[in-house]
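Here is the structure we will look at.
Keep in mind the model is a prediction, meaning the values are calculated, not measured.
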Amino acid sequence: MLVIEGRIFCNGELINGAIGIEDGKIVDVKKVLKGDKRMDMGDRMILPGAVDPHVHFRDPGMTHKEDFTSGSMAALHGGVTCVLDMPNTVPSVLSIRELEDKKRTIRGRSFVDYGLYAALTPGCDAEKLAPKVPGFKLFMGSTTGKILVDGDHDIHNAMRSAASAGKTVSVHAEDESMIRKDEEKNNRDHLRNRPASAEYNAINRLSAYKGMKINICHITDASSVALAASLGFTMEVTTHHMFLHDLMSDSAELKVNPPLRDKNTQEGLFKAFMEGKITMLGTDHAPHTIDEKRRTYDEAPSGIPGVETYMPMMMHMVKKGEMSINHLVKMSSSAPAEIFGMNKGSIEIGKDADLVIYDMRKIKKIRTKDLHSKAAYTPYEGRDAIFPDTVIVRGEIQLKDGELCGDMIGADMYE
């Protein structure tokens with residue numbers, strides 16, 4: 001048995017104790033344990049691995065932007081031990097054949113565990129796909145890929161299919177009829193073309209499906225949060241929508257769908273997150289090459305990378321006393337694991353032994369040159385962060401002293 005000793009986040013508090021691991025599972029958590037192999041973490045903090053429910057690793061078809069190996073490497077270095085990848089790849093995942101093809105492409109090429117979404121379209125066989133996916137993705141607003149479903153009749157047929165399958169439907173909630181196509185020269189223009197009212201209206205159109213397992217992706221506005229909560233929907237929020245706003249830069253590096261909002265909206269969203277009104281964190285890690293992002297604003301693609309930086313930035317907030325560790329673990333680990341039915345997200349007997357260990361004294365600046373995504377940029381350049389010292393995936397040490405020491409052992413959680 002492998003025994004990890006240190007300050008463990010368990011049952012909502014930090015305790016000095018030991019975790020026993022066998023066959024990739026947590027088999028015991030006690031004050032003292034004996035084992036064949038011991039790792040004494042001293043006063044370092046041991047947390048459950050983060051689960052990112054929203055990444056775009058671009059594999060297959062757009063691997064010049066990212067692939068599953070580079071994306072999972074970035075996730076690992078950011079303290080993320082499981083990711084859920086979106087279906088708008090090339091080809092898009094619309095059928096069991098395309099899903100199985102994507103699974104074969106990725107198998108054996110990930111450093112962290114994962115699940116693969118299927119797109120929810122009116123003609124998809126949701127019941128057949130359901131056992132093999134964490135959930136379905138519904139695109140009510142246009143973005144990367146061509147799997148838009150914006151008509152009420154098509155949405156109804158798609159939702160009826162998903163309801164019978166019993167899986168969560170994650171929704172890109174922007175009302176396509178309210179998205180303007182006017183020329184854009186900066187982030188203010190992009191915000192004008194895709195207003196917060198488009199998000200609110202899209203969520204309101206989903207009110208007919210109250211009671212279904214619906215998750216609103218990358219929510220951007222406190223009024224949308226209140227509406228989604230009133231309908232019983234879960235919600236993800238990104239760090240870029242909480243930390244950045246439209247006036248911070250005119251660069252297309254900050255172009256994203258939904259767009260960055262004005263400063264007051266951004267601050268209201270962050271307040272809603274801190275008050276526990278939002279369900280979980282999700283990065284919407286959406287990398288493009290720096291050359292693509294340096295095209296004219298109108299031509300540049302939308303998307304911001306973030307899987308490697310969100311937890312380190314949040315951990316620095318914990319260090320400064322701006323956020324409780326309880327809140328962060330719930331938002332980043334236990335909530336997404338519970339919503340998507342994974343045996344992860346907490347340090348307790350029977351759970352997968354996914355552990356991330358932080359030395360809270362090791363504060364460093366985020367530098368693009370140190371990151372592992374193929375996206376050679378970050379909107380968080382120079383921000384303080386605490387990156388993990390050690391990362392363990394199902395009992396296997398993947399990262400030690402901040403350096404890769406493991407292999408591509410990541411498994412599909414929905415095989």
Side-chain angles (χ1 to χ4, degrees), residues 52-75 83-112 114-126 128-129 132-150 154 158 169-172 174 176 179 217-218 252-253 255-258 282-295 298-307 372-377 408 410 412 414-415:
D52 188 342
H54 192 148
V55 303
H56 298 266
F57 281 175
R58 308 299 192 196
D59 205 340
M62 295 181 281
T63 52
H64 65 289
K65 302 173 187 281
E66 192 80 285
D67 59 44
F68 233 86
T69 299
S70 62
S72 64
M73 174 83 78
V83 297
L84 303 183
D85 186 66
M86 288 297 165
N88 52 334
T89 45
V90 180
S92 298
V93 180
L94 306 175
S95 69
I96 195 71
R97 178 181 59 80
E98 287 152 340
L99 177 64
E100 293 294 358
D101 285 348
K102 183 171 177 177
K103 285 175 179 275
R104 280 191 293 272
T105 298
I106 289 162
R107 193 172 292 121
R109 295 178 46 232
S110 180
F111 287 97
V112 300
Y114 59 90
L116 307 177
Y117 281 90
L120 186 62
T121 57
C124 85
D125 189 342
K128 192 171 183 180
L129 285 160
K132 298 176 178 292
V133 298
F136 296 97
K137 181 67 179 287
L138 177 69
F139 291 90
M140 292 179 71
S142 53
T143 186
T144 303
K146 298 184 182 300
I147 43 180
L148 177 67
V149 182
D150 62 333
D154 286 342
V169 178
S170 284
V171 182
H172 182 120
E174 287 184 285
E176 183 68 15
I179 296 175
C217 297
H218 40 54
E253 289 184 20
K255 183 180 180 182
V256 64
N257 299 332
T283 65
D284 190 15
H285 174 80
H288 301 283
T289 68
I290 192 65
D291 288 341
E292 290 169 330
K293 278 295 198 175
R294 286 177 178 167
R295 296 173 186 166
D298 217 27
E299 295 175 335
S302 293
I304 292 176
V307 73
H372 297 82
S373 170
K374 288 186 180 181
Y377 66 95
M408 288 180 277
D412 186 342
Y414 304 88
E415 279 283 24

Practice task
Measure the acute angle between the ring planes of H218 and H54, then classify it against the limits of 30° and 60° as parallel, tilted or perpendicular.
Solution key: tilted
Completion exercise
One should read off an interatomic distance between N257 CG and I179 CD1, to the nearest 0.5 angstrom, of 7.5 Å
Problem - Point-to-point distance, once rounded to the nearest 0.5 Å, from CG of L99 to CZ of R104 - result: 9.5 Å
Practice task
First locate atom CD of E174, then atom CG of D150, and finally report the distance between them rounded to the nearest 0.5 Å.
Solution key: 12.0 Å
Handout entry: Test item: V55 and T283 side chains (from C-beta on) under 4.5 Å apart, heavy atoms
Key = yes
Exercise for the section: Kindly state whether the ring of Y114 and the ring of F68 have centres lying under 6.0 angstrom apart. Expected result: yes
Fill in the blank from the handout: Scanning both residues in full, the closest heavy-atom pair of V307 with A74 reads CG1-CB, 3.9 Å
Problem - H64 vs K374 side-chain heavy atoms within contact, under 4.5 Å - result: no
Exercise for the section: Evaluate the side-chain proximity of H56 to M62: yes if any heavy-atom separation is below 4.5 Å, no if none is. Expected result: no
Practice task
Evaluate the criterion side chain to side chain contact (heavy atoms under 4.5 Å, CB included) for residue pair V112 and S72; output intermediate values, then yes/no.
Solution key: CA-CA 6 Å; V112 300; S72 64; 3.9 Å; yes
Handout entry: Side chain K293, main chain G303, donor-acceptor under 3.5 Å
Key = yes
Handout entry: Pair S92-E98, side chain to side chain contact (heavy atoms under 4.5 Å, CB included): steps then yes or no
Key = CA-CA 7 Å; S92 298; E98 287 152 340; over 6 Å; no
Problem - Close side-chain approach of F57 and L116, heavy atoms under 4.5 Å - result: no
Exercise for the section: Search all heavy atoms of C217 against all heavy atoms of K137 and return the closest pair with its distance. Expected result: SG-CE, 3.9 Å
Handout entry: Over all atoms of both residues, closest heavy-atom pair of V93 and T89
Key = CG2-OG1, 4.2 Å
Fill in the blank from the handout: Of all heavy-atom pairs linking L120 and A158, the shortest is CD1-O, 3.5 Å
Exercise for the section: Give, for atom OG1 of T289 and atom CZ of R295, the distance between the pair rounded to the nearest 0.5 Å. Expected result: 6.5 Å
Practice task
For R109 and D59, run side chain to side chain contact (heavy atoms under 4.5 Å, CB included): C-alpha distance rounded to whole Å, both residues' side-chain angles, the deciding distance at 0.1 Å, then the answer.
Solution key: CA-CA 11 Å; R109 295 178 46 232; D59 205 340; 2.6 Å; yes
Exercise for the section: Please determine, by modelled atom types, if H288 and R58 share a side-chain donor-acceptor pair under 3.5 angstrom. Expected result: yes
Practice task
Check F136 against L129 and note the closest heavy-atom contact, atom names and distance.
Solution key: CE2-CB, 3.9 Å
Practice task
Determine, stepwise, if the pair K132 / E100 fulfils side chain to side chain contact (heavy atoms under 4.5 Å, CB included).
Solution key: CA-CA 9 Å; K132 298 176 178 292; E100 293 294 358; 3.2 Å; yes
Handout entry: Residue pair H372 / S70, side-chain heavy-atom distance below 4.5 Å
Key = no
Handout entry: Heavy-atom pair with the smallest gap, counting every atom of Y117 and S170
Key = OH-OG, 3.4 Å
Handout entry: E299 and E292, any side-chain heavy atoms less than 4.5 Å apart
Key = no
Practice task
Output the distance between atom CZ (R294) and atom CG (D291), rounded to the nearest 0.5 Å.
Solution key: 7.5 Å
Problem - Heavy-atom check, side chain of E66 versus side chain of P305, under 4.5 Å - result: no
Problem - Side-chain donor or acceptor of K102 paired with backbone N/O of P91 under 3.5 Å - result: no
Handout entry: D101 CG to K103 NZ distance, which is reported to the nearest 0.5 Å
Key = 12.0 Å
Practice task
Determine whether L94 and C124 make a side-chain contact, defined as any pair of heavy atoms from C-beta on separated by less than 4.5 Å.
Solution key: no
